[in-house]
There are 2 protein chains.
Amino acid sequence: MSNSLPPLGFIGLGIMGAPMAGHLLRAGHPLHVFSRTKARAEPLLAEGAHWCASPAEVARRCETLLINVTDTPDVEAVLFGPNGAADGLPRGGVAVDFSTIRPDGARSIAQRLAERGVDFLDAPVTGGQVGAQNATLTIMVGGDAAAFQRVRPIFERVGKTIAHVGPSGAGQSLKACNQILCAVNMIGVCEALLLANSAGLDPAQAIETLAGGAGGSWAWTTLGRKIIAGDLKPAFMIKLIQKDLRIVQDAAERAHVPLPGTALAQQLFRAVESEAGGSDLGTQAMIRAYERLTKLT
Amino acid sequence: MSNSLPPLGFIGLGIMGAPMAGHLLRAGHPLHVFSRTKARAEPLLAEGAHWCASPAEVARRCETLLINVTDTPDVEAVLFGPNGAADGLPRGGVAVDFSTIRPDGARSIAQRLAERGVDFLDAPVTGGQVGAQNATLTIMVGGDAAAFQRVRPIFERVGKTIAHVGPSGAGQSLKACNQILCAVNMIGVCEALLLANSAGLDPAQAIETLAGGAGGSWAWTTLGRKIIAGDLKPAFMIKLIQKDLRIVQDAAERAHVPLPGTALAQQLFRAVESEAGGSDLGTQAMIRAYERLTKLT
């Protein structure tokens, strides 16, 4: 392991953050970590990462801080809360947020950090747990172009498609577009599978036959197969896409853009959330809402 | 050109039928053709196809009859109307219908032809005009398995993915599922592009960046690009997908399956149809309905 690479801080070691931090550690970056649940850090600590008692302590040990938590208030707390990282980051440092948060939240954070001489990049990802594990994530980055170029080698350790898409907030805006596609495409998958079922078609053959045509999508091939296998385990949890779709509709409301298909997806996910444990299922569990609307199972 | 291949009949030489018939002619099949508009047959006649004055005359000259018209009543008229093909087809012959029609219509036609000792295969296609021209269509076939095997070499001349998916009507049922996916995925494409536009993102970069991820679809990549280029020319006309979605909802109604996403797509397409010339635009013109709902263009 080379120690010529600069130290990095990583805050938030959930199902996405932990494998991403692991790639950076194994690439040779000294890694300083903090997570709300220390147990989640243990595998990384066993590989040589250093535990810190607070976000501020992480920030004092690096010039580049990576964050992967859940929602806008979580990122704000990590940076500006008690023992927050903002106090520890040096002027000229950069904070990179992989979480999916509100675009206007990202712009506000960038503004506050800029006042301290710290760059902020919003860098939400798509590709799920598998993408994090295989370092094949798509990373959508908003913020200063020079800061993006500085951080790019780090992005390349954890992602495959890396795009600087505009100023602060632009990464989050594009992630919002992605979540619209994921949510609405799932409606099509469910309705097509229901009709296939009602017509007595073999659903596996249906997926295979239509996959390469004009109806094809990642959702059809990947999540459709999970549905017919009865596998509703989360690759991406319903409660998280619902959080993201609230961000989508909030941005759309400000822009006076009606999104009726997205709204329908939210309502169907809500029906699944009303079941015990429903919000922890994967997004493909939208099929449960349709099953309740029909006599089909 | 070899004449060892059996003669074929082809009825309906529209934007799909004409290139499909051309592949069969150039493969060496003597080809007997009829179309409502004779002008559409002229290029094929120049290549050696034989014009017939009626469907019945086509049927008398072949044991395998291929049909590519529009809707259920059109197929019924070709077969059972005045000078219809059913009277000309020999016992042991087979009629193959590439049109997209009602699954129960296909079953009824199969029943009527079976009484005359003639097999019927419903064989709707997807892949559009480009797929027809390049012989890369997906063909979804319902009907007798032995008849499917007999016709298979012909399918392989015009398509790439060829699947026998069940008894009579099954091909049409699977095509209905495909049209659900096409219609609903388009909702996602429009809403994601609208939000991208409102956020000031570069739409071409948005499409490129999200194409390979969990939001990706054929509609996003292919029709999204047409939308941002302002190209609303039909690869598949709104009036035709609306016809297909009526078939979808009719089948779903009989099966007591609610399809709210598909219904939303129908309403949005209807808004575009209300404009002069709207129904002749491609399905990507759904964006027009959204543009009217917003101040964005």
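Minimum interatomic distance between B:Ser198 and A:Val257 (heavy atoms only, all atoms of both residues): CB-CG2, 4.0 Å. Nearest heavy atoms, B:Gly261 versus A:Ile187: CA-CG2, 3.8 Å. For the residue pair B:Pro258 and A:Leu293, the shortest heavy atom distance occurs at CG-CB, 3.7 Å.
With a 6.0 Å radius and a threshold of 12 heavy atoms from other residues, nucleotides or ligands, B:Glu156 has its CD atom above the threshold. No more than 12 heavy-atom neighbours from other residues, nucleotides or ligands sit within 6.0 angstrom of CD on B:Glu208. Residue B:Glu275 places its CD atom among more than 12 non-hydrogen atoms of other residues, nucleotides or ligands, all under 6.0 Å distant.
Heavy atoms of A:Thr138 lying under 4.5 Å from chain B belong exclusively to its side chain. With a threshold of 4.5 angstrom between heavy atoms, A:Thr126 approaches chain B through side-chain atoms but not through N, CA, C or O. Residue A:Leu259 touches chain B through both its backbone and its side chain, counting heavy-atom pairs closer than 4.5 Å. In this structure, chain A has heavy atoms under 4.5 Å from both the backbone and the side chain of B:Leu174. For A:Asp202, no part sits under 4.5 Å from any heavy atom of chain B, backbone or side chain.
By the 4.5 Å heavy-atom criterion applied to side chains, B:Thr294 and A:His256 are not counted as neighbours. With a 4.5 Å cut-off on side-chain heavy atoms, B:Cys177 and A:Leu210 count as touching. Within the 4.5 Å cutoff, side-chain heavy atoms of A:Val184 are placed close to those of B:Val184.
By a heavy-atom distance cut of under 4.5 Å, B:Thr161, B:Ala163, B:His164, B:Val165, B:Ala170, B:Ser173 are the residues of residues 157-173 of chain B near chain A, going up by number.
Considering only heavy-atom pairs separated by less than 4.5 Å from chain A, the leading option among B:Gly213, B:Ala214, B:Gly212, B:Ser217 is B:Ala214. Listed options A:Phe236, A:Trp218, A:Trp220 were ranked by heavy-atom pairs under 4.5 angstrom with chain B; first place goes to A:Trp218. With chain B as the partner, the residue from A:Leu181, A:Val248, A:Leu201, A:Thr221 showing the most heavy-atom pairs under 4.5 Å is A:Leu181. Your options are B:Ala199, B:Ala235, B:Gly216, B:Ala219, and the one with the most heavy-atom pairs under 4.5 Å with chain A is B:Gly216. By number of non-hydrogen pairs under 4.5 angstrom with chain A, the leading residue of B:Gly188, B:Gly142, B:Pro260 is B:Pro260.
A distance of 13.5 Å separates NZ of B:Lys175 from OG1 of A:Thr209, quoted to the nearest 0.5 Å. Once rounded to the nearest 0.5 Å, the distance linking OG1 of A:Thr262 with CD of B:Glu191 reads 4.0 Å.
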